[in-house]
Structure formats: C-alpha cells, structure tokens
Amino acid sequence: MILVVAEQHDGMVNRSSWEVVAVAQQIARSKSDPIKVAVVGVDVEAAATELTKADVAEVLVVENDQLAVYTPDGFVEALTALVQAESPQLVLFSHTYQTRDFAPKLATRLGRALVTDCISSKMTPDGLVLVRPMFQGKFVADVSLRGAAPHFASFQIGAVRADAAALGKSAAPTRRIEVAIDGMAIRQKPEAPFKEAKQAVDLTQAERILAVGRGIKGQEHLSMVQELARALDAEIAASRPICDAGWLPMDRQVGSSGQTVAPRLYLALGISGAIQHLVGMKGSRTIVAVNRDVDAPIFEVADYGIVGDLFEIVPALIAALGE
Amino acid sequence: MKIAVCIKQVLTRNWPLRVDESAAWVRDRDASFEMNEPDAYALEEALRLKEQHGGEVVVCSAGPARVTQVLREALARGADRSLHVESDELAVADARGVADALATALRPEAADLVLTGLQSDDQGFGQTGVILAELLGIPSSTIIMDVEVHKSGVHVKRELEGGWFQWVSMSIPALLTIQSGIHQLRYATLKGIMAAKKKEIRKVRPGVVPDAGYAIVQLYVPEKSKAVQFIKGSSGDAAKALVRALREDARVL
Ligand SMILES: Cc1cc2nc3c(=O)[nH]c(=O)nc-3n(C[C@H](O)[C@H](O)[C@H](O)COP(=O)(O)OP(=O)(O)OC[C@H]3O[C@@H](n4cnc5c(N)ncnc54)[C@H](O)[C@@H]3O)c2cc1C
Ligand SMILES: Nc1ncnc2c1ncn2[C@@H]1O[C@H](COP(=O)(O)O)[C@@H](O)[C@H]1O
C-alpha cells in the first residue's frame with residue numbers, strides 16, 4: 001500500500017498534494033498497489049471530501065484536538081501511529097516547507113530514511129528508483145532504496161502536473177482515525193501566520209521584469225542593470241542571494257520565498273535557475289536568460305538564451321535598444 | 001548560553017562539476033571548497049546571540065580531513081572551539097548517517113541551542129538538522145529568519161511559503177535550521193585569523209555509521225527538455241538579434 005500524506009490549509013488541499021497523488025498512481029500502476037491518502041488535522045472534512053474524488057482506495061482522516069494547529073511534534077505523533085497501524089510500503093509527501101519541518105523527524109522516529117525533493121520515479125529490476133536533483137539542479141541522481149519498508153519520499157512541487165491525477169468513478173470511502181496524542185509531546189507553540197507590512201513594490205503587476213542574480217558579482221554593478229531596466233521599461237527583480245546581501249530590498253525577490261510573477265517578458269541575468277527561483281517566474285510569457293554556463297538550469301525554462309558574459313551583453317543590449 | 005553550529009564543507013560555487021569514476025559523485029580531488037552558504041548564516045546568528053547573551057559558540061563538521069578548512073574559517077570569524085567528526089565516508093553519506101555522526105559529537109556538549117543551515121548546496125537533503133534534533137531528543141523549528149532568546153526558551157520566526165511568516169516558541173535546548181539572509185555576514189579579520197590558530201579543533205570518532213536508507217546509483221546531467229533558442233554570435237550581434245526577436249517575434253517590447 002502507498003500512503004500519500006496530503007497537506008491542507010483551512011480546509012483547502014494544497015495543489016502539490018494532488019501532484020503527489022499522481023506520482024503515487026504512477027508507481028502503483030507498475031506494482032498494482034492500493035493508494036490511501038491521509039489528511040491530518042481538525043475540521044478537515046472539506047479537504048477530505050475534495051480528495052475522495054481521486055482514484056484511490058481510501059481517504060483517511062487523522063484527528064485529534066492536539067492537531068488543531070500544525071506543529072511538527074503533533075504531526076510526528078499522529079503519523080507515527082498511522083504508519084504503524086496501516087503498514088504502508090511507501091509514504092509520499094510533497095516537498096513543502098511543512099514537510100521539511102516534520103517528515104525527517106517522522107522517518108527517523110520510525111527508524112527509516114526519507115528521500116527528499118524527488119522529481120520522478122522509475123521501476124527497475126532492482127526495485128523503485130527515485131530521481132532527485134543535486135548540486136542545486138546542475139545534476140540529478142538516481143537513488144535506490146535500501147533496507148526494509150516503509151520507505152519515505154517527498155516530491156518537488158511541480159514535479160508532475162496536478163491534473164495528471166486520475167479521478168475515481170465514484171467517491172473514495174473515508175475512514176476517520178482517532179489517534180492518541182500526549183499533549184506533553186508537543187513542544188512547539190506556534191502563533192498565527194502573518195505577512196510583513198505591505199510591500200513597496202508589487203512585481204506581480206509588472207509587464208516586463210529584469211531579474212539579476214549572483215552573476216552580477218557586486219552591488220556596484222547594479223547601476224548598469226538599472227540602465228538596462230530603463231531601456232526595457234522593466235521593473236528590477238532579483239534572486240534571493242542578491243536580497244540576502246542587502247544589494248536590493250527583499251520585496252524585489254522572486255521565488256518560493258519571494259513574489260510569484262508572470263510578466264510578458266522576464267529577462268534573467270546571471271541567475272542559475274534553482275527550483276526555488278523557477279517556481280516564482282516560470283509562468284512568464286517570454287523568458288530570456290543570459291548566463292555564461294550553457295548547462296545552467298535557467299535555460300530549461302527559457303525561450304531565448306545567450307551564453308556569455310553579462311558584463312559584455314548588458315552594455316550591448318543597452319546599445320541595441322537605443323537603435 | 002552554549003550554542004553549537006553544524007557547518008558543512010561544500011565545493012565552491014563555480015567549480016566545474018564533472019562526474020567521477022564511480023558515477024555516483026563528482027570529481028573533487030583537486031577541487032576548492034567553501035562553507036555551505038546557509039551555515040555561514042547559522043554561524044552569524046550564533047555569534048550575535050553570544051554577543052547579546054554571553055556564552056560559547058562551538059562549531060562542528062563531519063567529513064574528511066579537508067573539512068578543517070571550514071572549521072578554521074568559523075574559528076577566525078569568532079567561534080570559540082570546534083569539533084571534527086573525521087571520516088572519509090561521511091563526505092557522501094546519507095542524511096541519517098551524517099546526523100548520527102553529528103549527534104555523537106554534540107551529545108556530550110549538551111548545548112542550549114544547536115543551529116544548522118536549512119539545506120546543503122551539494123546534496124540538498126534539507127533534513128540533516130531535523131534528524132539531528134530527533135536523535136538528540138530536542139525540539140526543532142525550521143527555516144528560521146529571526147531568533148529571540150528569553151529566560152524560558154526561544155521565540156523564533158519561521159519563514160513559510162509565498163511571503164508568509166510565523167512566530168513559534170519552544171523551550172531550550174532546541175535545534176533551529178537557519179535560512180540564508182537572516183543577517184549580514186561578518187568576515188574574518190586578520191586578528192581573527194591569527195586568534196583561530198590557537199583555537200581547538202578536536203577530533204571525534206564517528207561511531208558506527210548506520211546502514212544507508214538509500215544510495216546514489218548514478219549521477220548525471222539532466223536531460224534538456226524544452227527547446228531554448230540560443231542566440232549566437234558576438235555580444236553585439238547577439239544583443240541585436242535578441243532585441244529584434246523580442247520586438248518582432250515575441251512582441252514583448
Ligand atoms: C527554502 C528555500 C527557499 C528559497 N527561496 C528562494 C527564492 O524565493 N528566490 C530565489 O531566487 N532563491 C531562493 N532560494 C535559493 C536558491 O536555492 C538559490 O540558491 C538561488 O536562487 C541562487 O541564486 P543565483 O541564481 O543568483 O546564484 P547562483 O546559483 O550562484 O548562480 C549565479 C549564476 O550566474 C552565472 N554567472 C556568473 N558570472 C556570470 C557572468 N559574468 N555572466 C553571465 N553569467 C554569469 C553563473 O553561471 C551562475 O549560473 C531558496 C532556497 C531554499 C532552500
Ligand atoms: N557533513 C556535515 N557536517 C556538518 N554539518 C552538516 C553536514 N551535512 C549537513 N550538515 C548540516 O545540515 C544542514 C542541512 O544539510 P542537508 O540536510 O544536507 O541539506 C547543513 O546546512 C549543515 O548545517
């Protein structure tokens with residue numbers, strides 16, 4: 001049996017949990033395994049009902065008052081009990097911030113390993129092989145599972161399409177599972193999530209964005225980028241390290257921990273294209289990448305690419321735009 | 001307050017990566033190495049907490065002899081002493097194996113706070129810190145952007161997805177995985193570098209490395225899927241051709 005641990009917020013299923021249902025269906029097909037989907041929390045009926053539409057054997061609702069707000073300790077307690085009761089062969093998650101927060105602890109508590117951030121899977125004569133990026137996406141690795149089941153794996157957000165998940169002919173049955181949780185075992189006291197005070201720049205409205213990454217080398221070179229932005233009539237954005245270094249304000253950051261943008265033109269200068277950056281901009285209509293490394297992952301999402309030194313290309317672009 | 005920081009040594013960012021003979025790792029024999037970036041931020045947080053609250057900063061790294069380079073660097077930036085879990089195997093071990101080694105070194109230290117980076121630039125497991133917390137039997141919180149220490153524990157700001165944050169309280173001892181950008185980094189001064197020469201790098205035996213839960217069978221450059229149109233030629237010609245394409249074909253200018 002394959003167990004998918006779905007993530008929900010305020011009764012809404014994360015889109016990426018549907019992606020993991022699709023992954024589970026792919027793996028199950030080659031092994032003809034049943035799939036169960038677990039939702040953990042209090043008042044998660046709406047999420048559970050949504051998930052019963054999937055072509056799966058069962059939806060498990062894991063309940064306890066201690067799970068009303070997410071804590072890693074609460075989730076580990078609940079899911080340890082669930083995994084022990086249901087004995088899955090494989091437990092799958094979406095590689096979200098929440099999964100990063102609790103799943104390694106869960107696997108360790110059960111004496112198992114977790115393979116994180118997988119992008120695909122394949123069946124081989126030696127069993128299931130998971131594919132995951134390494135070296136910030138410049139390489140991928142085929143990873144084989146060792147030791148006894150259950151095995152644990154998380155899949156990168158966007159690794160497969162959510163709409164690839166097959167829907168069932170009729171709603172899957174739901175089963176409620178009341179788990180016992182010792183309140184003392186929960187050591188984190190979380191407060192309500194919040195957003196920082198309103199951001200000064202709203203990149204989501206920009207028609208054109210010129211984004212700069214670590215290839216720019218120093219803050220002093222930003223004036224050249226600003227000049228190009230004026231010539232393009234574009235807003236300036238950046239990858240995380242540029243904002244971390246304080247070269248540009250945080251509200252210009254694009255990516256999983258910054259803004260998600262979809263302008264008509266996104267021009268990336270000296271950005272490698274780590275997944276956390278790509279999720280924030282890959283919906284852009286036309287993507288241009290300038291990078292001196294032909295293997296940089298940014299070229300995977302680009303429509304036009306120039307392989308070269310941005311310190312030569314930027315002045316040349318400014319000149320060409322002036323013509 | 002005693003603060004332990006786990007620091008991984010990784011290949012320098014611009015090192016040209018090539019798969020080695022084993023086909024399961026990259027050639028790194030004559031490579032240059034540096035401190036994993038988020039770990040530099042974890043160290044910075046630890047040094048600032050020490051400045052505010054007093055105490056000691058102990059840094060720990062697991063890996064071959066070469067990892068003493070990043071320990072020296074941390075000592076030069078202001079850490080008080082260091083632990084080196086020495087083992088060649090740990091250079092490519094799975095997250096559980098590394099966490100076990102780190103736990104062996106850190107258990108006797110009984111630090112009030114253990115800080116790790118949120119993710120390594122090479123393996124990118126994003127889980128060694130959380131496993132370590134479980135092995136040490138202490139609570140954890142991840143992707144931290146701010147740390148306040150109170151009498152009874154810590155109050156930390158977790159980064160959530162899409163620009164959301166959340167404050168979480170925990171008693172200490174506790175483990176935090178630190179996100180890049182939490183503060184501006186300090187660099188080693190000449191005085192710091194001189195002082196580091198006298199600071200301790202204590203060797204720790206790794207203990208029994210547990211059986212790996214998974215293993216890399218092959219490492220390779222990902223297949224290119226989407227057809228990007230590369231614009232060739234001199235910088236001037238490429239720039240002109242790109243501007244033309246953006247004006248006339250894509251019509252975005
Ligand atoms: C939980 C988490 C959340 C994150 N959130 C975000 C986020 O929201 N946004 C984000 O951007 N990142 C985020 N990151 C970081 C992300 O993983 C990458 O580290 C980051 O995006 C890399 O930035 P970069 O491409 O600018 O730098 P690098 O990866 O260092 O790339 C620099 C690029 O510049 C090229 N280059 C160098 N010199 C030149 C030159 N002269 N001419 C042309 N090209 C040159 C190089 O070939 C290289 O490809 C997050 C990471 C984690 C773990
Ligand atoms: N070999 C190591 N030595 C010391 N710390 C490590 C080692 N490997 C991982 N870490 C720590 O664990 C964090 C997460 O690494 P990872 O789980 O590999 O993504 C890193 O940022 C380090 O703080």
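When reading the values below, keep in mind they use all heavy atoms of this one structure, side chains included, and skip hydrogens, waters and symmetry mates. Throughout, protein chains are lettered first and strands after them, A, B, ... in sequence-line order, and every chain is numbered starting at 1.
Counting heavy-atom pairs under 4.5 Å between each of A/R109, A/R208, A/R112 and chain B puts A/R109 at the top. For the set A/S256, A/G147, A/G255, A/P315, the entry with the most heavy-atom pairs within less than 4.5 Å of chain B is A/S256. Between chain A and the residues B/N14, B/I138, B/L132, the largest count of heavy-atom pairs under 4.5 Å involves B/I138. Per-residue counts of heavy-atom pairs under 4.5 Å with chain A were compared for B/L118, B/L185, B/V156, B/L246; the largest is that of B/L246. Counting heavy-atom pairs under 4.5 Å between each of B/T142, B/I182, B/L253 and chain A puts B/T142 at the top. Ranked by heavy-atom pairs under 4.5 Å with chain A, the list B/V26, B/L11, B/L135 is led by B/V26. Residue with the most contacts toward chain B among A/P297, A/A113, A/A320: A/A320 (heavy-atom pairs, distance under 4.5 Å). Chain A forms the most heavy-atom pairs under 4.5 Å with one residue out of B/Q179, B/H183, B/R251, B/H155, and that residue is B/Q179. Among B/S171, B/A215, B/G124, B/G129, the residue making the largest number of heavy-atom pairs under 4.5 Å with chain A is B/A215.
How far CZ of A/F139 is from CZ of B/R18: 9.0 Å, rounded to the nearest 0.5 Å.
A donor-acceptor pair under 3.5 Å is formed between the side chain of A/R132 and the backbone N or O of B/Q123. For B/R158 (side chain) and A/P193 (main-chain N/O), no donor-acceptor pair under 3.5 Å exists by modelled atom type.
For a residue to count as touching a neighbouring chain, one of its non-hydrogen atoms must lie under 4.5 Å from one of that chain's; by this rule B/I143 touches chain A with the side chain only. Both the backbone and the side chain of B/L17 come within less than 4.5 Å of a heavy atom of chain A. Using a 4.5 Å cut-off between heavy atoms, B/E223 touches chain A through its backbone atoms (N, CA, C, O) alone. For B/S140, the parts sitting under 4.5 Å from any heavy atom of chain A are the backbone and the side chain alike. In this structure, chain A has no heavy atom under 4.5 Å from any part of B/W15. Interface remark: B/D211 contributes no atoms to any contact with chain A (heavy atom separation under 4.5 Å). The part of B/Q184 that comes within reach of chain A is its side chain, from C-beta onward, which places non-hydrogen atoms under 4.5 angstrom from that chain.
Side-chain atoms of B/S235 and A/E312 include a donor-acceptor pair closer than 3.5 Å.
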Practice item. Evaluate salt bridge (Lys or Arg N to Asp or Glu O under 4.0 Å) for A/E323 paired with B/R244, printing each intermediate quantity in order. Key: CA-CA 11 Å; A/E323 278 173 19; B/R244 194 181 320 114; over 6 Å; no
